[in-house]
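Accompanying notes for the structure given below.
When reading the values below, keep in mind they use all heavy atoms of this one structure, side chains included, and skip hydrogens, waters and symmetry mates. Note that ligands are numbered from 1 as they come in the structure, with each ligand's atoms numbered from 1 the same way. Note that the structure is a prediction, hence the values are computed from the model and not measured.
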Amino acid sequence: MSDKPVIVTDEASGKTLELPVVRGTEGEPTLSIKSLPKELGYFTYDPGFTATASCSSAITFIDGGKGILRYRGYPIEQLAEKSTFLEVAYLLLNGELPDQGEFDDFRRDITYHTMVHEKLNTFMTGFHYDAHPMAMMAGVVGSLAAFYHDRLDMSDPAQRMLAAKRMIAKMPTIAAACYRHHMGWPTAYPRNSLNYTERFLDMMFSVPAEEYKVSPVAAKAFDLLFILHADHEQNASTSTVRLVGSTGANPYASVAAGISALWGPAHGGANEAVLNMLEQIGDVSRVGEFIDRAKDRDDPFRLMGFGHRVYKNYDPRANIIRQAAHDVLAELGRKDPLMDLAMELEKIALEDDYFVEKKLYPNVDFYSGIIYKALGIPKSMFTVMFAIARTVGWVSHWLEHHNNPTPIGRPRQVYTGPVERDYTDISSRG
Ligand code: CMC
C-alpha cells in the first residue's frame, strides 16, 4: 500500500479532498480524516471503532494477522522468558529497559508506596461480604483521589509519575484487601522485604494464626501472567482510561473507569466466564454440544476465551499461558480435569469450519483461569488479577496521553430519533 494521499470525491457537490496517509513505525497505513467534516461536511460512521485509530502510541504493537505482540519493540515471548513484571512495568512506563541503577530506584519507589491510607481499609468495611471484588476495586480505586488529592496537579510531570507509581504499588494491596474482606480475614499489610508478586501472594493468603511461606511456583507463575497482561494497546479498558484522562480527570478516576470496562465478559471478565463455561460443560463428552451452541446464531452462547477483535491468528499470550498451565500443574503435582476439557475444546474448535473461517482462536483468557484456580485464586478474583497487571498499561497510556495530549475524546453519532415536533399537553395525548 502506498503513502500517497487518498482523494475523496463528493459526487453531489463535486468537491474533492486529499486525505493524507499516516504511517507508524510498523503499523498499517491509516487515513487521516480530521479535515472531512470541515471540508466536505461529513462525519464518519464506525460503530465499535472497528476501523478507527483513536490516537498514536509508542507503547505496544500488535500484528493481529501474524499473531505478534511487542511491548516497546520487545517480543512478548522474550519478555515472558527473560524479564520480570517490575522490569516490564518500567519498560512500559518509560520506553526503555532500565539499567541496574534505574531498576533499583524504580523498585524502591514502587515498594515505598505499597501501603494504603488506614482510612481506606475502614472504607472497605462498608461493602457487604459477598460484594463482587471488581465492584469493590472500581469503588476503592476511584476513592484514592480523595486520599491523595495533595498531589494531583496533572500539569506537573513529577506528580503524574508519582500518581502512576502509587497506583502500580497499591493495586495488589487493594486487591488482596478485597479478597480478605470477603473471607472475613484481618487486614494484611505489605511486607516490603518480598518482591512484587510474592508480596501480593503474602497479602492474599497469610493469616495471623499460621506461618505462611510464599510458593516459588506461584510467585513465578504470577509474574509471568502479570507480564502477559500488562498492556494490549487500545483495548476497551485502555481506551476508556485514555478517554476519561482526556477530560483532565485524575488518574485514579481514569483507572477506576478502566476497571469497570475490564469487568465485562467480552473483555477481562472472560477469564471468570471461561471457568464457568468449562464447569458448565463438565465433561469431554459434552464438548460437541457446546461447540454447536456457539455456532448457532439463535443461541447467545459464545465460546468464552475464543476470538479477538485484533488477533485473526493464535493470540501469542495464549500459547505461553497454555504451556505455563501445564508447567504449573506438573510442578504442583496436580491434575485438573478442566485442563483436559479445555484442550479438547480447543482441538475441536480449531478443526471446525465455523471457527476456522471466522479465524477464532483461543485468547489470553482461555487458559489463565486454570492457573489461577490451581494457585488457589477464587473465580471472582480472576479479573482482579488482570486489573493488577493491566494497571501498568493503563497508567502508561494515561502518561503518554498527558505527555502529548489529544483533544478531549468526543465521538459523534448518527441520530436516529424523532425529528422536531411540538410539545402537547398531557390531556390531549393518547
Ligand atoms: N464464539 C462463537 N462465535 C464467535 C465468538 C466466540 N467466542 N467470537 C466471535 N464469534 C463470531 C461472531 O458471532 C461473529 O459471527 P458473524 O460474523 O457470523 O456475525 C464473528 O465471529 C465476529 O465476531 P464479532 O463479535 O463481530 O467480533 P468482535 O471483534 O466484535 O468481538 C470478542 C471480539 C472478543 C468480543 C468476541 O470474539 C467474543 O465475544 N469472544 C468471547 C469473549 C472473550 O473471550 N473475550 C476476551 C477477549 S481477549 C482478552 C480481553 O480483551 O480482555
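Contacts between Arg297 and ligand 1, counted as non-hydrogen atom pairs separated by less than 4.0 Å, involve the side chain only. Residue Phe386 touches ligand 1 through its side chain alone, judged by heavy-atom distances below 4.0 Å. At a heavy-atom distance under 4.0 Å, no atom of Ala236 approaches ligand 1. Contact annotation for Val364 and ligand 1: only side-chain heavy atoms (C-beta onward) come within less than 4.0 Å of the ligand. With a 4.0 Å cut-off on non-hydrogen atoms, Leu262 does not touch ligand 1 at all.
By heavy-atom distance, the residue among Tyr311, Phe366, Phe306 lying nearest atom 41 (C) of ligand 1 is Phe306. Here atom 24 (P) of ligand 1 lies nearest to Arg302 when heavy atoms of Arg302, Lys358, Met277 are compared.
There is no protein heavy atom closer than 4.0 angstrom to atom 26 (O) of ligand 1. Protein heavy atoms are absent from the 4.0 Å sphere centred on atom 22 (C) of ligand 1. Within a 4.0 Å radius of atom 7 (N) of ligand 1, the protein contributes at least one heavy atom.
Protein heavy atom at the shortest distance from atom 50 (C) of ligand 1 is His267 ND1, 3.2 Å. Looking at atom 1 (N) of ligand 1, its nearest protein heavy atom turns out to be Leu303 N, 3.1 Å.
Heavy-atom proximity to Gly307, at under 4.0 Å, picks out these atoms of ligand 1: 34 (C), 37 (O).
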